[in-house]
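Here is the structure we will look at.
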Amino acid sequence: VQLQASGGGLVQAGGSLRLSCVASMTTFRIHAMAWYRQAPGKEREVVASITSTGSPSYVDFVKGRFTITRDDDKKTVSLQMTNLNVNDTAVYYCNKYIGPVVWGQGTQVTVSR
């Protein structure tokens with residue numbers, strides 16, 4: 001299984017980014033998926049998840065700013081991020097929401113003041 005995240009970059013506070021993740025899982029469509037992030041010196045945390053039927057959930061600190069979607073035909077899960085702030089700076093990963101598999105390299109998001 002491979003999880004390839006992309007779309008990160010350097011953005012000013014208040015800006016937007018769209019992350020995408022392609023999963024090489026043949027069973028992709030049956031799994032709830034999630035976006036996680038890990039900031040320097042901190043543990044990895046989930047920021048958004050989406051069920052196999054497309055119902056999203058968000059942690060409080062991204063509600064109203066982030067939107068998670070999935071495309072089962074393309075085996076892709078995306079994260080649209082708006083109104084970014086410096087606290088969103090982290091490496092972002094996608095993975096299964098339950099029973100994460102081997103982690104990919106993630107994609108770096110850096111938000112400047």
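Numbers here are sequence positions counted from 1.
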| said: I'd like to know whether CD of Gln4 has more than 12 heavy-atom contacts from other residues, nucleotides or ligands below 6.0 angstrom. | reply: no

| Heavy-atom check, side chain of Val109 versus side chain of Leu17, under 4.5 Å | yes

| request: Run the numbers on Met25 and Gln2 for side chain to side chain contact (heavy atoms under 4.5 Å, CB included), then give the verdict. | output: CA-CA 7 Å; Met25 290 186 287; Gln2 288 187 330; over 6 Å; no

| task | Kindly indicate, with the supporting measurements, whether the criterion side chain to side chain contact (heavy atoms under 4.5 Å, CB included) is fulfilled by Tyr92 and Leu79. | result | CA-CA 10 Å; Tyr92 284 71; Leu79 188 69; 4.3 Å; yes

| Validation row: Val86, Gln12 side chains within 4.5 angstrom (heavy atoms) | no

| query | Does Arg37 make a cation-pi contact with Tyr93, if we ask for NZ or CZ under 6.0 Å from the ring centre and within 45° of the axis? | reply | no

| remark: For Val77 and Cys94 the tightest heavy-atom approach is CG1-CB, 3.9 Å

| said: Quiz question: by atom type and distance under 3.5 Å, do the side chains of Gln108 and Thr110 form a donor-acceptor pair? | reply: yes

| Cluster check Val59, Trp35: I/L/V/M/F/W/Y, side chain < 4.5 angstrom | yes

| query | CE of Met33 to CD1 of Ile98: how many Å apart, nearest 0.5 Å? | reply | 11.5 Å

| So do Gln80 and Ser16 actually touch side chain to side chain, heavy atoms under 4.5 Å? | yes

| query | Ring centroid separation for Trp103 and Tyr36, is it under 6.0 angstrom? | reply | yes

| What closest approach, in Å, do Asp71 and Phe28 show between heavy atoms, and which atom pair accounts for it? | O-CE2, 4.0 Å

| Heavy-atom closest contact (Asp88 atom, Asn83 atom, distance) | OD2-O, 4.4 Å

| message | Is the shortest side-chain heavy-atom distance between Thr76 and Arg70 below 4.5 Å? | response | no

| field | Side chain proximity check, Leu3 to Asn95, heavy atoms < 4.5 angstrom | value | yes

| field | Heavy-atom pair with the smallest gap, counting every atom of Ser20 and Ser78 | value | OG-OG, 3.6 Å

| Which atom names give the shortest non-hydrogen contact between Gly8 and Leu19, and what distance separates them? | N-CD2, 3.6 Å

| task | Determine whether more than 12 heavy atoms belonging to other residues, nucleotides or ligands lie under 6.0 Å from atom OH of Tyr97. | result | no

| said: Under 4.5 Å between side-chain heavy atoms, counting indirect links through other Ile/Leu/Val/Met/Phe/Trp/Tyr residues: same cluster for Val22 and Ile68 or not? | reply: no

| Can you get from Val46 to Ile50 by hopping between Ile, Leu, Val, Met, Phe, Trp and Tyr side chains that sit under 4.5 Å apart? | yes

| task | Determine, for Tyr58 and Arg65, whether the Lys NZ or Arg CZ falls below 6.0 Å from the six-membered ring centre while staying within 45 degrees of the axis. | result | no

| query | Phe61 versus Glu45: any side-chain heavy-atom pair under 4.5 Å? | reply | yes

| field | Side-chain donor or acceptor of Thr27 paired with backbone N/O of Ile30 under 3.5 Å | value | no

| said: Quick check: closest heavy atoms across Thr26 and Lys75, and the distance to 0.1 Å? | reply: CA-NZ, 3.6 Å

